[in-house]
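Inspection log for the structure reproduced underneath, given as structure tokens.
In what follows, chains are A, B, ... by sequence order, proteins preceding strands, each numbered from 1. Because the structure is a prediction, the values reported are computed rather than measured.
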Number of protein chains: 2
Amino acid sequence: MVSKQFDGPAAADLRRADSLAREIFSDVANKWALLIIEALGDRTLRFSELRTQVQGISHKMLTQNLRMLERNGLVERRVYPTVPPRVEYTLTEAGRGLQATVDAMCDWTQRFLNHIESARTHFDNPERLS
Amino acid sequence: MVSKQFDGPAAADLRRADSLAREIFSDVANKWALLIIEALGDRTLRFSELRTQVQGISHKMLTQNLRMLERNGLVERRVYPTVPPRVEYTLTEAGRGLQATVDAMCDWTQRFLNHIESARTHFDNPERLS
DNA sequence: CAGCATCCACTACGATACTG
DNA sequence: CAGTATCGTAGTGGATGCTG
């Protein structure tokens, strides 16, 4: 993911892409964004539905992250000008691509749940001797 | 990743595992942790080497995240009681499992770089008409 | 219902300085 | 060299209230 070496003509492009990549990574590699992606899955959900699916998330964080995801073209936002208003969110193709990797992370979590739990107790306890 | 329904006998265990999973997810789904995992890869690195590999990270964030990763059994920390001290970090099996998913995320970033970039400019600009 | 704005508590983070 | 501690700031995120 890093492009050092060479200051040639095309190097600037590489550096630009690199910094963009890091920016995207920073946007996307946060708890709420990933949980939203995961919650959406292949469904289409309304704002309020998402709010209950991703439990623990506040109104504010949800809007904020949805805007960010929309800006990056990962979710599509469809507004129905009815009353009361109805807004639906769906993953785009890019979003579904990311979702696949989040799925992998969830699987990983399940797989190593026990390993991690015991590692934690070892670490947290007075660890008498070696 | 969610276990609703039923309040039966084994339900408590499921809820415990669930909250643990969410805890792990929160720990791990953050920018620095993932970048450290990625930087380590299959190598063994010293603290100072990691510091330069994960550029932009502060001394403090690095120690903090390394402790967290160690606590969760994702990295192994080996201390050589020499002078000056030498501390090496390596991914454990669990860590390498996670690394695979981070790799996938990086690949994804590269794949959709252009898509995302254009989505951004569409979003950021005055968007004249539809 | 969805979203924006405001306020405020809290913590995350960087800078700095001190130990083994 | 690696780590801990302290401190100040800037940002995060929750609660609340107002709009279409």
Using whole Å, what does the distance between atom [atom2] of nucleotide [N] and atom [atom1] of [X] come to?
X: L45(B); N: dA2(D); atom1: CG; atom2: C1'; result: 15 Å
X: L62(A); N: dG3(C); atom1: CG; atom2: P; result: 8 Å
X: E49(B); N: dA2(D); atom1: CD; atom2: C1'; result: 13 Å
X: E88(B); N: dC1(D); atom1: CD; atom2: P; result: 15 Å
X: F47(B); N: dG20(C); atom1: CZ; atom2: C1'; result: 15 Å
X: L50(A); N: dG3(C); atom1: CG; atom2: P; result: 10 Å
X: M68(B); N: dT4(D); atom1: CE; atom2: C1'; result: 19 Å

Salt bridge check: are [X] and [Y] linked by an N-O gap of less than 4.0 Å?
X: R71(A); Y: D124(B); value: yes
X: E23(B); Y: R120(A); value: yes
X: R78(A); Y: E76(A); value: yes

Does OP1 or OP2 of [N] have a side-chain N or O of [X] closer than 4.0 Å?
X: R77(A); N: dA2(C); answer: no
X: Y89(B); N: dC1(D); answer: no
X: R46(A); N: dA2(C); answer: yes
X: R51(B); N: dA2(D); answer: no
X: T82(A); N: dC1(C); answer: no

What string of B, S and - do you get for nucleotides 7-20 of chain D, 5' to 3', if B is base contact, S is sugar-phosphate-only contact and - is no contact with any protein heavy atom under 4.0 Å?
B-----BB-----B
Any donor-acceptor N or O pair under 3.5 Å, side chains T101(A), T101(B)
no
Does the side chain of N72(B) come under 3.5 Å of the side chain of D27(B) through a donor N or O and an acceptor N or O?
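Checked: N72(B)/D27(B) side chains pair up, N/O donor to acceptor below 3.5 Å.
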Quantified as the angle between the terminal helix axes (five pairs each), what is the overall bend of the helix from dC1(C)-dG20(D) to dG20(C)-dC1(D) to 10 degrees?
40°
Quick one, L91(A) and R43(A) - any side-chain contact, counting heavy atoms below 4.5 Å?
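Sidechains of R43(A) and L91(A): no contact.
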Given E88(B), R86(B), R46(B), the one that forms side-chain hydrogen bond (donor to acceptor under 3.5 Å, both in side chains) with Y80(B):
E88(B)
Using the ring of each side chain (for Trp, its six-membered ring), is H115(B) parallel, tilted or perpendicular to F112(B), with breaks at 30° and 60°?
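Perpendicular: the ring planes of H115(B) and F112(B) meet at over 60°.
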In sequence, state the C-alpha distance, the side-chain angles, and the governing distance for I57(B) and I36(B), and then conclude on side chain to side chain contact (heavy atoms under 4.5 Å, CB included).
CA-CA 9 Å; I57(B) 198 170; I36(B) 290 170; 4.1 Å; yes
